[in-house]
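Here is the structure we will look at.
The sequence lines fix the lettering, A, B, ..., with proteins before strands; numbering per chain opens at 1.
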Amino acid sequence: MQKAMQTGLIVAIILAILTIVEYVFAVNFDHDTIRFIGLSFAAFGKAALIVYYFMHVYRLWRVEEAH
Amino acid sequence: MHALKSVAGAAGLGMIGFYLGLGFVAVLRAMLGYPDAWGGEINIVGGYVLGVIGWLMGIGMWGTWSREWFGLKTYQRQAPGWQRYFTFNTDHKVIGIQYLVTFVVVFLLAGTIALGMRLELASSGMQFISHSQYNGAMGLHGILMIAVAVASVIGGTGNYAVPLMIGADDMAFPRLNALTFWLIPPVAVALLATPFLGGIETGWTAYPPLSTTTNSSQILFDLAIITFGLTSILGGLNFLITIIFMRAPGMTWGRLPIFVWSMFVTSWLALLYTQGFAVALLMIMLDRVAGMAFFNAEAGGDPLLYQHVFWFYSHPAVYIMVIPGFGIALEVISHFSRKPLFAYRYAVGAFLGILGLSGVVWAHHMFTSGMPNYLHGPFLVATELISIPTGLVFLSALGTIWMGKLWLQTPMLFAMAVIFNFACGGVTGIFLADVPTDIHLHDTYFVVAHFHYTIVGGEIFALFAGIYYWFPKMTGRMYNETLAKLHFWWMFIGFNLTFFTMHLPGVKGMNRRVADFPESLDNLNMLVSISGWLLGLSFLVFIYNMINAWIRGPVAESNPWRARTLEWQVSSPPPHENFPEQPVIKGHPYDYGVPGSVHGVFPNAIASAPAAGTAGGGQ
Amino acid sequence: MRTAAAAEWGATARSFSLAGQGAQVLHVRHLITAGLLWVVLTAVGELLVIADLYPTVGSHEAQDFDDIFRFLLLLGVPVMTFVFAVLIYAGLQFRIRTAVPAEDGPAMRGHGWFPRAWLAVTGCLAIFVMIYPGLTGLAELQQGDRGASGWGDQDAEVIIKASAFKWQWLFEYPDGTQVSVAAGKELVLPNETSIKFEINAIDVVHSLWIPAFRMKIDAIPGRTTYVTVKPNKLGDYASDQAYRVQCAELCGLDHAAMMFPIRVVEPGEFQSWLASLNQGGN
Amino acid sequence: MAVVAPTETYHAVHDHLKLNRAGLWLFFFSECVLFGLLLSARFFLEGIERGELDQLLGLGITIILLLSSVTAFTAETAIEHDNRKLANWGLIATIALGVLFTGGVAYEWSIAHFHRNEAFGTLFFTMTGIHASHVVSGIGILVLVWVQFLRGRYSSKDHWPLAGAVMYWHFVDVVWVFFYPALYLVK
């Protein structure tokens, strides 16, 4: 329980930091293409974190006991 | 009368829901201070949504499923005999037959509309109907036939045969399966109501800005097709999970019957691309009811946005229609040639190749749309490439019949006709994929002939192959072979006369979707009309044969075609749970002529019977 | 097997082997006969190539279209007749005459060289058609492309502005003369002159199509598309209905009637016609 | 009309959890196309141009939705370990944050500087509207699950409805991960 919660919270903190970085970067940076690419990378990174750690995509191919 | 109670109750609840929704939106609009509280299209939207919910609850979804969401105990009403076809039944065999019968009826209806159109088109000038009526008839014919093409084979034969062929007792989500069927009647009602609101003026493609400014029938069209898309997506999802997870032990991907493979690929297409049609029509709806500006060029919108989103679905849609057709054709051809399916792996690869390429070819419908010039080249290349996997389907079919022991029963005739017709449809496709020829041919009767060759010739013929092939399994009775062969030859000749001739006015300069045309095309059109009527009348034989056989046909054996796949190893019709016990798969389904080969066995079958426990032994 | 009928079938089925010398000979004979059928069907089918299926050739672009169409027919017919020949031959020659099949066919699985060769041949054919006439024709249609949407050279000798609206056409010549149903009643074009139509739509999507010229491009609200044609033959709508501007994109009620007659005249006559129209007070 | 329980057959041995989970993922794939097309439409029509938006409000609702994902995760992890109390609070917090997010979007709509009959307004209202409709349906599902939870259902052995609802919630969050920069930050 504690370990699972810990992982989740660490991921959440990374997501929060990424969101803030995204925001600060976008508001203060003035090159359209680079900003677009940077934001896309951040978005895909965040999505991957959520899909893996929050949505547990690996459970699709991992055999486990029913719950 | 359980059936009457079920349907009438559902219709009543649906009506109540419809008026509640209508009124609810009206009250909301009155409160927000809109001048005309009752007259908006948004009222229709509200009424439709609540109407559909009421209909579903009434037909039995409440008891079978929804109660569970609120923590109540679910129950299922079991109606006896034929009456179960009118209830929220979760048996995939019942749902398959529900789909088939519904869409055969819709097919005949839309075909009748086409006959009316051909009557008007028999000669130039306006004879029987007005331009407005013609456009409405054409739109209705188009969208109803699209619905038939998308749902009849997948929902009908797919639902019936796939769980049986992979050795499963039902689909993965039986209640979802029932839901996908019972969403169809509201779709049909909404589409058939369009003439009362002025008729679909835009054809089934509904290009804006025409569709954002036309009469209110457009809103019914949008709602109906979004619902229909939902059934398509949920059906595809259900098939995918069923095929991935519920195959019998030993049914490896390499032993999957080719029809199941085709359904697998089709389900991916339906799952992924159908959202495109929904989004496109949603945008039209928002433009209409919410005053948005997706397609309003003056406000920064772009009509081409619709065409991109729409064709992003609607090109893959033709593969949604045709791949199951190929699946049935190859399946039937192998069993009736008494030979293994030739180049099985290549045929599967062909389906997967089409799946991969289908998402990157859509703009070949837009070569004359005025899209930016640099887009033409890539889409031309991708479109031509897709003919390579299609060619492999021909390899498989022709290789299988070559040197076979061809048993030319009706299903086989229809399956061979699929290959015959699609050869023509495929070759004419090259003319439309190459930009230099497409510029002239686009939006002419050449295109109409081409897609009728692919969809009717490729899929509807396969649908009939499937109906005749599985009819004894579904009903437990045998149809009249002579009448069936008469139907085949009548339909085959009528079809080829109609649609081969139809290429000519197209090249000569007759554009599609017109109620009138230059007099110089009179002779060709008269020929097409006469052939079209010939084709149309052939279905009378079919109807008579089917009804007659279902009611008093001779009792069918469990395996009249001597086929090896699992569905033929159980009684006709199969028991409720499909198989008395779990079948185990030992070999390839098409190993005809291979001594000692078996497809599946029932491990606990009574040992005293000859060839004990083998399912589909080929010896 | 679970049923009596199926069990009976299992007992009567016999396997068939290709190993025998006789079967091999038989196979070759089948191949030759079916091949002959293919040749005959192709010979008949290729009559389509020389048949006159087309409307009047009214422009250089139309000539190109007809040539490419014929070329594709030339290639496409044998592909089609190959399928027809195999189907017809197999249907006649390999069918069983008993009530139910008594034996299985040979277990040809299609491994080995044949599917690969098929893949190679069909692949080459597809790529060939893709390059010629597809990409080469496209390059020709888009020469002088400067990022706009349309067909043909953008530097034409006469530029006509075309407006499409429900359910009429309005054309404007370079000197400002307009023709429509109300004025002029026909679109007169000079022969052997490159003419560029700059097209836009007022209300909904339309499409400008001239069958005699084999050219078509949509008219879209908010964009200007263009198409350039060079007529090569005198003609007019009254004597040849291919000489018409036809709306080819469904645009509502009177879509079918949305057409406009064309007359192609010698350049000198074109100038005097334009002058006479201007004097007429338009 | 006879009322009978669904028949049990040999396929009762099928792992229904696996089917349900995979089915939900397939549903997400399909939804990805829906949202992907809306995103494509946004860049097709407007490039990276955008209307005037309240940046702090955007950041605020983004963080609210992210927090709700954390509480949803908490609820699922808690029920997996039979910690009912924490699961209860996780569900309540998720629902509350979801409502707060919806309120934020509604407020954003009411103060928007653009109208829905211009291109950016069309895109903004459509994209946030369709996303918000998913949030609202997510709230609805969570409330249904919560009511079941309060009645004492779900345990570490059997809590698929809760897990599925939470997965859906996370998916809605993933969509916003893409929509937020595409609407607020690209220019």
### Message
Are more than 12 heavy atoms, taken from residues, nucleotides or ligands other than C:R70, located less than 6.0 Å from that residue's CZ atom?
### Response
yes
Describe, in one word, how the ring planes of [X] and [Y] are oriented to each other, choosing from parallel (under 30°), tilted (30 to 60°) and perpendicular (over 60°).
X      : Y      : result
C:H30  : C:Y89  : perpendicular
B:F422 : B:F394 : tilted
B:W568 : B:W561 : perpendicular

Select, from [options], the one with the greatest count of heavy-atom pairs under 4.5 Å involving chain C.
options                        : result
B:T368, B:T444, B:I388, B:L392 : B:T368
B:P389, B:G370, B:A297         : B:G370
B:L395, B:T400, B:L408         : B:L395
B:C424, B:G203, B:G301, B:A397 : B:C424
B:D434, B:I439, B:V514         : B:I439
B:T202, B:L304, B:T214, B:L375 : B:L304

### Task
State plainly whether the residues B:K405 and C:E103 are in salt-bridge range, i.e. N to O under 4.0 Å.
yes
### Query
Does the distance from a Lys or Arg side-chain N to an Asp or Glu carboxylate O, for B:R513 and B:D443, drop under 4.0 Å?
no
Please classify the contact between [X] and chain C as side chain, backbone, both or neither, with a heavy-atom cut-off of under 4.5 Å.
X      : result
B:M416 : both
B:P372 : both
B:N296 : neither
B:S520 : both
B:E519 : both
B:Y207 : side chain
B:L441 : both
B:F446 : side chain
B:F431 : both
B:M510 : backbone

Contacting region of [X] [heavy-atom separation from chain B under 4.5 Å]:
X      : value
C:L208 : neither
C:D64  : neither
C:V121 : neither
C:L141 : side chain
C:E249 : both
C:R244 : side chain
C:L73  : both
C:R223 : side chain
C:A120 : neither
C:A90  : both
C:I220 : side chain

### Query
Can you tell me how far CD1 of B:I333 sits from OG of B:S396, rounded to the nearest 0.5 angstrom?
8.5 Å
### Task
Indicate yes or no: at least one non-hydrogen side-chain atom of B:L406 is less than 4.5 angstrom from one of B:M412.
yes
Using the ring centroid of each side chain, check whether [X] and [Y] are separated by less than 6.0 Å.
X      : Y      : result
C:F94  : B:W402 : yes
C:Y226 : C:F197 : no
C:Y132 : C:F71  : yes
C:W167 : C:H206 : no

### Task
Report yes or no: is the cationic atom of B:R564 (NZ for Lys, CZ for Arg) closer than 6.0 Å to the six-membered ring centre of B:Y592, at no more than 45° off its axis?
yes
### Closest heavy-atom pair and its distance - C:Y243, C:G58
OH-CA, 3.6 Å
### Task
Answer yes or no: is there a donor N or O on one side and an acceptor on the other, between the side chain of B:T212 and the main chain of B:P209, under 3.5 Å?
yes
